[in-house]
Amino acid sequence: MPDIKDIGVLLAEAESAISMANSPDDLEAISIKYLGRKGQITAVLRSLKEVPIDQRKELGAATNKARVKLEQELKEAAEKFSKGDKKANFDPTLPGVSHRIGAIHPITKVLKQVNQSFERMGFEIAKGPEIESDYYNFEGLNFPPDHPARDMQDTFYVEGDMLLRTHTSPVQVRTLKNSKPPVKIIAPGKNFRNEAISSRAYYTFYQIEGFLVDEGVSMADLKGVLNAFCRDFFGEGLKLRYRPSFFPFTEPSAEVDITCFLCGSKGCRLCKHTGWLEILGCGMIDPNVLENADYDSEKYTGFAFGMGIERVTMLKYMIDDIRLFYNNDIRFIRQFI
Amino acid sequence: MKAPYSWIKELVDISISPEELADRLSLCGAEADAKPFLEGNFDNVVIGSVVELEPIENSDHLRKAIVDDGHEKFQVVCGAPNVAKGQKIILAKIGAELKGGFKIKQAKLRGIESFGMICSETELGISDDHSGIMVLDDDASLGENPIEYLKLNDTILHLDLTPNRPDLLSLIGVARDISCLFDTKIIRPQFEVKESAETADEYIKVSIDDPDACPRYAARVIKNIKIGPSPWWIKRKLLLSGVRPISNIVDITNLVMLEMGHPLHAFDYDFLGSKEIVVRRALNKEKFTTLDNKEHELTPDVLLITNGEKAVAAAGVMGGLNSEVQATTSTVLLEAAYFNPVTIRKSKNILGINSESSHRFERGADPNIVCQVLDRAASLMAEYAGSEILSGIVDCYPNTIEPAKLTLRPERVNALMGTNISKERMIKILEGIEFGVKDKGTLEVVVPTFTADVTREVDLIEEIIRIEGFNSVPESIHNSGPLFTPRHADDNFYDSSRNVMTSLGFDEMYSPGMADAKLLSKVSGDEPQLKVLNPIADDLTVMHNSLFYSLLKAVSHNISHRNVNLQLFDMGRIYLPGNPPYEEEKIGLTVTGKADDHWYNKGRIFDFYDLKGAVDSFLRLSHILPIDYIPTKHFSLDDSCSFELQLNNKTIGYAGQIKQKIAKQFDVKQNVFAAMLDFRLLLESIQPESIFKSLPRFPAAPRDLAVIVDETVEVGSLMDEISQSGGLLLEKVELFDLFTGTQVGYGKKSIAFSMIYRSWEKSLESDEISKIHKNIADNLNKKFKAQIREA
């Protein structure tokens, strides 16, 4: 006994056959198959009298509706063929039905890649507030008040005796205070610096900070992790160079350069003809920072590193203006789909 | 810091190129870049002599000069006030290419042909002094290359120094590191001080009110000075170092500062007005005029050098106008002092002056070098200003600052660095940078007072490794730490939210976070704003308190670049004042314009339902239960389309159409729909993953129901009623058609639902379904006066 569901199935079958038809003969065959004297829809209509009376009306209406629809579609398809263009309904060069997919911001893209690289090395993601106290942003990180080191980071102050963090290093102080070694953390996040806006500088930027504190951690371990990361992120075959530098929260401190991937370190515009690209800062965590978090700095040592995300994003995609990250022009963002 | 290569070579015997030297220094803690002092092509620049000079008619300053270069005579028009007949000058002939690509061509001025140019320091790139032409000494030979004659074909090492390296703020300091790197000795300048019988202490007495701020103040008195220009060798060193020569006395203080790193100051003794120096803190609101002729109002944070009454210098920052050395000066009080770094830092911040002197003192000068510095300067003054050095140094140094003594454990160096440096090598390095070392198993290290930053064992380790180089550190893997790293729910939700939003067609934007206070209040009304106390610009004075602001900014930017169809989302924070101020994580989304047109489908104009659909899909894909849209009043949203979003009666955000008058503030004239959801509240609302539900064993029975109701009846209430009346056997109800028009009548609308009936226990009989279906229809009719349409 026919069911109302069967009508839907028959209709769908017939419609897909029409769309595949290559000639009026095909259409004729479809017509016979479904609507002819022995056609399947005709058969349902004929069998209506066997259907219980309460269902008959509903099934009858649905079947008739399907018949009318099919007749109409067969007629339309036949018209296309009669215009002489046998394939009029099929042009494989037409673009496919598109689904709008949004684009991920390039900073998200790079952050994700960097996070994953370190997560695979066993680092855990930690986060912290962007509105910070002087203690977490500076003092706890061994920036004494009234020290020229504070000039290295132009700070925005806000009401309530707070500031906008100038780096993600406050997460280091916060995490160390609340954890027991070994501590192995990366802290990605947004920061602010009071710098004049230009193509090379913007007042907000993303940074990823990483650190490992345990017994017996050495500078060699730091090199192990950073070399592994750089090879993973920038590609095999590049060389790294560690130059002594200064950050109040690490001692000794270093800046890391990689060989320029654009020119293969021959010297070009990207690397300002030095062959090297500066990409991050690092060092052994200063004993004062560890002591501030109540760690015995004789027993525990650690390393820390920080990398500007905009900078590596600009290098990776050869973006020449940092402001593009924040004016949210879709002509820019949609390039990173 | 600019270190001329030729000057370095005077102090330390090396044979590598300046470029190699810069690379080497960069790898030991002094980022260096070697650049030629002068740029340009000096092939056509020669020493000449002005043999004739006559005025030009109709010009008050131009003159016609005839210059002889020893081979040829050139007619040159010159406008410099100091040009005179008989002078040896620098002639740039036609074809010369000077600083900044300035090419010398034949020219005609006031009708007079000119075949070159007589140069000032500016055109040659020596300094920015263009007050007159450069006049050479008489011994300069005609036709010679003046750059070689002046010894200016030098390379400058530009050092970008970190604040922990005050020891490199002198040529001797730079030479010290180089001597250690190349295992050679520093060649210190030799000098002799010949004092007269008269003693300095008859001229001056020094007292210090605040020995913490000024631990040491020393002075010499120098008499019978003849102020005049410095000899070329002094001028040359200053010019190469980027310091403008002024007069012999001032130049010598600068030269000694560059050479030895310690700032000096020369006072005109006769203008001091007393025979004493008192170092004291400024009074509140005390006025003082620095030698750059700027008057300052002071606070006690400023340390002053006074004559007992009035201030004559802002200690360590800048001298006073009232006691400045002048052309008439004959007696000088030469100061070399040591000031506390924090004192100078506060002082210079209040004065708003960054001087070479304050730069050195705030990083830490050497208290124990002051007498040598005075002697070096005095000996030069005796030689080059014809002066007489009075006997003795008046030195007020109440508490001697002793060099620090530290213990260094060689094994600690290697443990912290992961290296294998021998103890002998460590000693060699430390001695190479002039630290005292005694080997007693561990090393007893005496830290010279010129390295202010070395106070702990770890600082000594830094000194060793920067000389040894980080290349000596091997690469290793630290095998400890947790076996398993947790990943936090919020990180997962951030990731999944971004994936979902992009899959729904939204582009991700990043709101920068700062806002124009006035414009922000147009968006969020009286919502309190967190003020930035030192804003970067007048239109960035507060933090945004609503993502609607930043969404509108982005919409506005894109529309102004003719991208009018936008779907954007932002996973940003908003910032609010409070005690303490706080931030909230939000998800903002906006739709405006229309969907893209396609050949098979014309894009529809976005409306509220596109926003709602996106929000609902986002929540569903994030495993968050459906929310209710409760009409509400919201400052940013149009009353006709403004909703509070409720999840289990808790507000999780707002959605609707941005008021047109707000959008207009951003030059946006099209409809903008936006929502702002609270990230943390949503995170808490994520449902645990549901367990498997077995597939139905009995068939589904689909039925349609079409009704006509008054236009004011809400579809939501009809659907609620259907669900309720349908009971357990109604599995699903969906709206599939909605229209108004003449066939349904004015003020009416036709709504069609498709329903699925199913039982989990048996196959439903047709009449059973019809009964429920009819009951639903009856209830709709009763409660909403719904007319049932026959299929």
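Here is the naming used below: chain letters follow the sequence lines, and residue numbers restart at 1 for every chain.
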Legend entry - Segment of B:D459 engaging chain A (4.5 angstrom heavy-atom cut-off): both
Inset, instruction - Using a cut-off of under 4.5 Å on heavy-atom pairs, state which of B:V555, B:N471, B:D491 scores highest against chain A. - result: B:D491
Inset, instruction - Tell me, for A:I330 versus chain B, whether the close heavy atoms (under 4.5 Å) come from the side chain, the backbone, both or neither. - result: both
Inset, instruction - Indicate the ring-plane relationship of A:F336 and A:F332, choosing parallel, tilted or perpendicular according to the 30° and 60° boundaries. - result: perpendicular
Inset, instruction - Please state whether the side chain, the backbone, both or neither of A:V213 comes within less than 4.5 Å of a heavy atom of chain B. - result: neither
Legend entry - Options A:T204, A:L94, A:N115, ranked by heavy-atom pairs under 4.5 Å with chain B, top entry: A:L94
Inset, instruction - Begin with the C-alpha distance, continue with both residues' side-chain angles, and end with the deciding distance and a verdict on salt bridge (Lys or Arg N to Asp or Glu O under 4.0 Å) for B:E584 and B:R573. - result: CA-CA 5 Å; B:E584 286 178 355; B:R573 297 188 188 190; over 6 Å; no
Inset, instruction - Determine, for A:K239 against A:D257, whether the closest basic-nitrogen to carboxylate-oxygen distance falls under 4.0 angstrom. - result: no
Legend entry - Minimum heavy-atom distance between A:A103 and B:D507, given as atom pair plus value: N-OD1, 2.8 Å
Legend entry - Most contacts with chain B, counted as non-hydrogen pairs under 4.5 angstrom, among A:G216, A:S218, A:A220: A:A220
Inset, instruction - Take B:R466 and B:D177 through the test salt bridge (Lys or Arg N to Asp or Glu O under 4.0 Å) and record every step on the way to the result. - result: CA-CA 10 Å; B:R466 75 175 176 81; B:D177 264 17; 2.8 Å; yes
Inset, instruction - Give, as side chain, backbone, both or neither, the part of A:D286 having an atom under 4.5 angstrom from any heavy atom of chain B. - result: side chain
Legend entry - Closest-packed option against chain B by number of heavy-atom pairs under 4.5 Å, given A:V183, A:T108, A:I101: A:T108
Legend entry - Atom group of B:P341 that falls short of 4.5 Å from chain A, counting heavy atoms: neither
Legend entry - With sequence neighbours excluded, residues passing side chain to side chain donor-acceptor pair (under 3.5 Å) with B:K346: none
Legend entry - Atom group of A:F118 that falls short of 4.5 Å from chain B, counting heavy atoms: neither
Legend entry - A:R150 with A:D134: basic N within carboxylate O range, under 4.0 Å: yes
Inset, instruction - Heavy-atom distances under 4.5 Å only: say whether B:R409 touches chain A with side chain, backbone, both or neither. - result: side chain
Legend entry - salt bridge (Lys or Arg N to Asp or Glu O under 4.0 Å) between A:R165 and A:E132, intermediate numbers included: CA-CA 6 Å; A:R165 69 176 177 192; A:E132 265 295 6; 5.8 Å; no
Inset, instruction - Verify ring pair (Phe, Tyr, Trp, His ring centres under 6.0 Å) between A:Y202 and A:Y326, making sure each step is shown before the conclusion. - result: CA-CA 9 Å; A:Y202 199 70; A:Y326 294 98; 5.0 Å; yes
Legend entry - chain B contact via A:I107 - which portion, at a heavy-atom distance below 4.5 Å: both
Inset, instruction - Using a cut-off of under 4.5 Å on heavy-atom pairs, state which of B:G29, B:G469, B:A700, B:S511 scores highest against chain A. - result: B:G29
Legend entry - Most contacts with chain A, counted as non-hydrogen pairs under 4.5 angstrom, among B:P580, B:P699, B:A554, B:S26: B:S26
Inset, instruction - Sort out for me which of B:L533, B:N579, B:L568, B:N349 touches chain A most, counting heavy-atom pairs under 4.5 Å. - result: B:L533
Legend entry - Which atoms of B:R498 approach chain A - backbone, side chain, both or neither, heavy atom under 4.5 Å: both
Inset, instruction - Below 4.5 Å from any heavy atom of chain A, which atoms of B:M514 appear? Answer side chain, backbone, both or neither. - result: both
Legend entry - A:N288, part contacting chain B, at a heavy-atom distance under 4.5 Å: both
Inset, instruction - Give, as side chain, backbone, both or neither, the part of B:R487 having an atom under 4.5 angstrom from any heavy atom of chain A. - result: side chain
Legend entry - Residue B:S770 versus chain A: region with a heavy atom under 4.5 Å: neither
Legend entry - Aromatic ring proximity A:Y206/B:Y510, centre distance under 6.0 Å: yes
Inset, instruction - Could you check which of B:V532, B:L416, B:T162 has the highest count of heavy-atom pairs closer than 4.5 Å to chain A? - result: B:L416
Legend entry - Part of B:I465 within contact of chain A (heavy atom distance under 4.5 Å): side chain
Legend entry - Parallel, tilted or perpendicular: ring planes of A:Y203 versus A:F192, cut at 30 and 60 degrees: parallel
Inset, instruction - For B:E765, look at atom CD and say whether over 12 heavy atoms of other residues, nucleotides or ligands are found less than 6.0 Å away. - result: no
Legend entry - Closest-packed option against chain B by number of heavy-atom pairs under 4.5 Å, given A:E215, A:M284, A:H99, A:H147: A:H147
Inset, instruction - Heavy atoms only, distances under 4.5 angstrom: which of A:D154, A:L163, A:I333, A:I337 has the most pairs with chain B? Name it, please. - result: A:I333
Inset, instruction - With a 4.5 Å cut-off on heavy-atom pairs, point out which of A:F205, A:Y242, A:F325 contacts chain B the most. - result: A:Y242
Legend entry - Interchain contact, A:A196 with chain B, by part (heavy-atom threshold 4.5 Å): backbone
Inset, instruction - Take B:R165 and B:E462, measure what salt bridge (Lys or Arg N to Asp or Glu O under 4.0 Å) needs, and give me the verdict at the end. - result: CA-CA 12 Å; B:R165 298 301 305 278; B:E462 197 262 304; 5.7 Å; no
Legend entry - Residues, nucleotides or ligands: over 12 heavy atoms within 6.0 Å of B:D767 CG: yes
Legend entry - side chain to side chain contact (heavy atoms under 4.5 Å, CB included) against A:P248, all qualifying residues, sequence neighbours excluded: A:F143, A:A149, A:F246
Inset, instruction - First locate atom NE2 of B:H561, then atom OG of B:S556, and finally report the distance between them rounded to the nearest 0.5 Å. - result: 10.0 Å
Inset, instruction - Give a yes or no on whether a salt bridge exists between A:E278 and A:R243, defined as a side-chain N under 4.0 angstrom from a carboxylate O. - result: yes
Legend entry - Which portion of A:P181 sits near chain B, non-hydrogen atoms under 4.5 angstrom: neither
Inset, instruction - Identify which part of B:E31 has an atom lying under 4.5 Å from any heavy atom of chain A, answering side chain, backbone, both or neither. - result: side chain
Legend entry - Residue A:T155 versus chain B: region with a heavy atom under 4.5 Å: backbone
Inset, instruction - Using a cut-off of under 4.5 Å on heavy-atom pairs, state which of B:P486, B:G513, B:A701, B:A30 scores highest against chain A. - result: B:P486
Inset, instruction - Using non-hydrogen atoms and a 4.5 Å limit, figure out which bit of A:K65 sits close to chain B: side chain, backbone, both or neither. - result: neither
Legend entry - Contact summary for B:S476 and A:D221, nearest pair of heavy atoms: OG-OD1, 2.5 Å
Inset, instruction - Evaluate whether atom NZ of B:K531 has more than 12 neighbouring non-hydrogen atoms of other residues, nucleotides or ligands under 6.0 angstrom away. - result: no
Legend entry - Region of A:F247 in contact with chain B, defined by heavy-atom distances below 4.5 Å: neither
Legend entry - Heavy-atom pair with the smallest gap, counting every atom of A:I131 and B:E583: N-OE1, 2.9 Å
Inset, instruction - Can you tell which part of A:F123 gets under 4.5 Å to a heavy atom of chain B, answering side chain, backbone, both or neither? - result: backbone
Legend entry - Under 4.5 Å from a heavy atom of chain B, the part of A:T274 involved: neither
Legend entry - A:E195 portion near chain B, given a 4.5 angstrom heavy-atom threshold: backbone
